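Structure, as structure tokens:
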Amino acid sequence: GQPDKTCNASVGETVVLPCTATSPGELNPSTSRLYWQIDSLVVHFFRDGQDELNFQDERYRGRTSLFLDQIKHGNFSLKLSNVQLLDAATYTCIYKQTGDNLNETQKSKVKLIVSGNHWSHADFLFQCFSEHSKISSRSPADVPRMAILPLSFHLLVTLGVWHL
């Protein structure tokens with residue numbers, strides 16, 4: 001299916017791939033599993049309160065991290081550092097909460113577009129936008145206009161793109 005969000009990054013940058021829980025309330029990280037995958041390739045795996053990185057694909061070794069203190073608030077976003085052209089892909093964020101009567105799975109997909117040339121950082125820094133907010137009629141030459149996502153836990157500052 002279509003990704004839920006699309007992010008842009010340049011080679012060498014750090015990007016945050018957003019993923020948030022849809023269920024309200026506090027989650028229990030010690031009974032949670034969180035997978036970031038590209039198809040079946042494991043980019044990051046978190047289980048029962050800690051990172052479990054022996055299944056992680058070698059390419060991502062040492063370049064991924066979660067916001068561990070935010071997982072209980074439903075922030076499953078993945079921070080990917082030193083972005084490479086090969087990182088361009090659609091990432092799937094899969095969250096499972098295990099418990100006696102609770103086995104809920106949530107999924108979302110984030111597409112990462114990586115450019116080799118350095119854009120001016122004012123325009124392309126940590127930028128992600130929702131798929132449904134894209135204007136499909138724009139010409140390819142246009143720089144995509146970003147929607148500022150209402151993420152409650154941290155303000156995504158898109159420098160210089162306030163005048164949408």
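This is a predicted model, so every value here is computed, not measured.
The hydrophobic cluster containing I94 does not contain L112, counting ILVMFWY residues as joined when their side-chain heavy atoms lie under 4.5 angstrom apart, directly or transitively. Put simply, V83 and V11 are part of the same group of oily side chains (I, L, V, M, F, W, Y) that touch within less than 4.5 Å, one to the next.
In this structure Y35 satisfies the ring-ring contact (aromatic ring centres under 6.0 Å, His included) test together with F45, sequence neighbours excluded. Not counting sequence neighbours, the partners of N82 by the side-chain hydrogen bond (donor to acceptor under 3.5 Å, both in side chains) test are Q84. Here Q106 pairs with T22, S23, E104 under the side-chain hydrogen bond (donor to acceptor under 3.5 Å, both in side chains) rule; sequence neighbours left out. Looking at residues two or more places apart in sequence or on another chain, you find no side-chain hydrogen bond (donor to acceptor under 3.5 Å, both in side chains) involving D48. Every residue meeting the side-chain contact (heavy atoms from CB on, under 4.5 Å) condition with S108, not counting sequence neighbours, appears here in chain and number order: D4, C19, C93. Scored by the side-chain contact (heavy atoms from CB on, under 4.5 Å) test, L86 finds R59 as partners (sequence neighbours excluded). The side-chain hydrogen bond (donor to acceptor under 3.5 Å, both in side chains) test applied to S40 returns no partner, not counting sequence neighbours. Partners of Y91 according to the ring-ring contact (aromatic ring centres under 6.0 Å, His included) rule, which considers only residues two or more places apart in sequence or in another chain, do not exist here. Checked against side-chain contact (heavy atoms from CB on, under 4.5 Å), S65 has the following partners two or more places apart in sequence or in another chain: K79.
In this structure, P18 and S77 approach most closely via the heavy-atom pair CA-OG, 3.4 Å. Between T92 and K109, the closest heavy-atom pair is OG1-NZ, 3.2 Å. Across every non-hydrogen atom of V114 and S10, the tightest pair is CG1-C, 4.4 Å. Closest of all the heavy-atom pairs between P29 and F46 is O-CE2, 3.8 Å.
Side chains of K111 and T90: no donor on one and acceptor on the other come within 3.5 Å.
Here CD1 of I71 is found 11.5 Å from CG of N28. Values are rounded to the nearest 0.5 Å. Taken to the nearest 0.5 Å, the CD atom of E13 stands 12.0 Å off from the CG atom of D87.
A 4.5 Å side-chain heavy-atom check between D57 and I38 finds every atom pair outside the cut-off. Residues L27 and F76 meet the side-chain proximity criterion, which asks for heavy atoms closer than 4.5 Å. Between P3 and V110 there is no side-chain heavy-atom pair separated by less than 4.5 Å. A heavy-atom distance below 4.5 Å is not found between the side chains of T64 and W36.
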Determine, step by step, whether I113 and N8 satisfy the side-chain contact (heavy atoms from CB on, under 4.5 Å) criterion, reporting the C-alpha distance in whole Å, the side-chain angles of both residues, the deciding distance to 0.1 Å, and the verdict. CA-CA 5 Å; I113 298 168; N8 286 281; 3.8 Å; yes
Is there a side-chain contact (heavy atoms from CB on, under 4.5 Å) between E26 and H73 once you walk through the steps? CA-CA 5 Å; E26 286 230 336; H73 304 303; 3.2 Å; yes
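Judged by distance alone, with hydrogens and angles left aside, the side-chain atoms of Q56 form a donor-acceptor pair with the main-chain N or O of V43 at under 3.5 Å.
Each of L17, L34, D51 was scored for a side-chain contact (heavy atoms from CB on, under 4.5 Å) with H44, with one residue passing: D51.
Judged as a salt bridge (Lys or Arg N to Asp or Glu O under 4.0 Å), not a single pair has a partner in residues 33-46 (not counting sequence neighbours).
Through side-chain heavy atoms spaced under 4.5 Å, either directly or across other Ile, Leu, Val, Met, Phe, Trp or Tyr residues, L53 is tied to no other residue.
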